[in-house]
Amino acid sequence: MIDLVTVGAIVGVLLVGVVVLVRKPVDARRVVRWSALVITVLVAAALTPYTVDDSGAAASYLLGVPVVAATLPVLAQRIGRLTVVADVVAALIITAWGLLLGLGIGGAFLPVAVLLVAGIVGIRAPRPSTTA
């Protein structure tokens, strides 16, 4: 089950990457952030039955930490401040959480961290015009 969800997350991340490369949306970082949140929520939803059976009530934080972390960049974008910092923090939290969980269910969230890092590194934000 975990392997299937992980492959689904990888496919989702690759599809987002292809869409961003081919379509070149005006606000590609926004697309990446929202896609990361959606993929994270879908992964958490798919893993919920398995995690509840295995861990009981602990499933709420085992799956909740990556979802909250993926929400940070979206909230930062809505506020309009520190978006790159929020992207980095979210990617670090998701990566650390995936490694902390021994790459069990946490490994399914790692593609989202890669997506966030790719959004930081690969997408250049438009520079403000210097002409006034």
Side-chain angles (χ1 to χ4, degrees):
M1 175 68 176
I2 297 171
D3 296 336
L4 183 64
V5 174
T6 304
V7 169
I10 291 169
V11 168
V13 166
L14 290 175
L15 286 174
V16 170
V18 168
V19 167
V20 168
L21 285 174
V22 172
R23 292 253 169 158
K24 297 184 195 268
V26 175
D27 195 359
R29 285 188 175 168
R30 181 183 186 119
V31 171
V32 168
R33 288 180 186 119
W34 276 101
S35 298
L37 177 59
V38 168
I39 292 169
T40 303
V41 168
L42 290 174
V43 166
L47 291 175
T48 296
Y50 171 78
T51 309
V52 169
D53 286 344
D54 187 50
S55 303
S60 61
Y61 70 84
L62 291 173
L63 299 173
V65 169
V67 172
V68 170
T71 305
L72 292 176
V74 173
L75 291 176
Q77 185 170 352
R78 297 249 337 166
I79 294 169
R81 304 191 66 143
L82 302 173
T83 54
V84 174
V85 172
D87 289 341
V88 170
V89 168
L92 288 174
I93 289 172
I94 292 171
T95 302
W97 197 249
L99 295 174
L100 182 69
L101 295 178
L103 296 177
I105 63 168
F109 294 104
L110 292 180
V112 173
V114 172
L115 180 63
L116 289 169
V117 170
I120 297 165
V121 175
I123 301 171
R124 305 258 188 251
R127 293 184 182 218
S129 176
T130 56
T131 59

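Remark: Thr6 OG1 to Leu47 CG distance equals 7.0 Å, nearest 0.5 Å. Between the CG atom in Asp3 and the CE atom in Met1 there is a gap of 10.5 Å [rounded to 0.5 Å]. The CG atom of Leu62 sits 5.0 Å away from atom CD1 of Ile105, with the distance rounded to the nearest 0.5 Å. The CG atom of Leu82 sits 11.5 Å away from the CG atom of Leu72 when rounded to the nearest 0.5 Å. Considering CG of Leu100 and CD1 of Ile93, their distance stands at 12.5 Å, rounded to 0.5 Å. Summarising the geometry, atom CG belonging to Leu115 is positioned 12.5 Å from atom CD1 belonging to Ile10; distances are rounded to the nearest 0.5 Å.
Here Val38 sits in one hydrophobic cluster together with Leu42; the rule is ILVMFWY side chains under 4.5 Å apart, joined directly or through other members. By the 4.5 Å side-chain criterion applied to Ile, Leu, Val, Met, Phe, Trp and Tyr, Leu4 is assigned to no cluster and stands alone. Grouping Ile, Leu, Val, Met, Phe, Trp and Tyr by side-chain contacts under 4.5 Å, direct or through others, puts Val74 with Trp34, Leu37, Val41, Val67. In this structure, Leu15 shares a hydrophobic cluster with Val7, Val11, the cluster being traced through Ile, Leu, Val, Met, Phe, Trp and Tyr side chains under 4.5 angstrom apart.
At least one side-chain heavy atom of Val16 sits under 4.5 Å from a side-chain heavy atom of Ile39.
Looking at every heavy atom in both residues, Pro49 comes nearest to Ala45 through CD-O, 3.6 Å. Here the closest heavy-atom approach between residue Ala108 and residue Val5 is recorded as CB-CG1, 4.1 Å. Residues Val117 and Ala91 approach most closely at CG2-CB, 3.8 Å, considering heavy atoms. The two atoms that bring Val13 and Pro111 nearest to each other are CG2-O, 3.4 Å, heavy atoms only. Shown here for Ala76 and Ala86, the closest heavy-atom pair between the two residues is CB-CB, 3.6 Å. When all heavy atoms are compared, the tightest approach of Pro66 to Phe109 is CB-CD2, 3.7 Å.
When the side chains of ILVMFWY residues are joined at heavy-atom separations under 4.5 Å, either directly or via intervening members, Val68 and Ile94 end up in two distinct hydrophobic clusters. Side-chain heavy atoms closer than 4.5 Å link hydrophobic residues (I, L, V, M, F, W, Y) into clusters, and following such links, even through other members, never connects Ile120 to Leu75.
Between the side chain of Trp97 and the main chain of Leu63, no donor-acceptor pair closer than 3.5 Å is present.
For the side-chain hydrogen bond (donor to acceptor under 3.5 Å, both in side chains) condition, the pairs that include at least one residue of residues 86-95, sequence neighbours left out, are Arg33-Asp87.
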Exercise for review: Apply side-chain contact (heavy atoms from CB on, under 4.5 Å) to the pair Val43 and Val112, showing each step before the final yes or no.
Suggested key: CA-CA 10 Å; Val43 166; Val112 173; 5.6 Å; no
Review point. Please walk me through it: do Arg23 and Val31 pass side-chain contact (heavy atoms from CB on, under 4.5 Å)?
Key: CA-CA 11 Å; Arg23 292 253 169 158; Val31 171; over 6 Å; no
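Considering only residues two or more places apart in sequence or on other chains, Ser60 meets the side-chain contact (heavy atoms from CB on, under 4.5 Å) condition with none of them.
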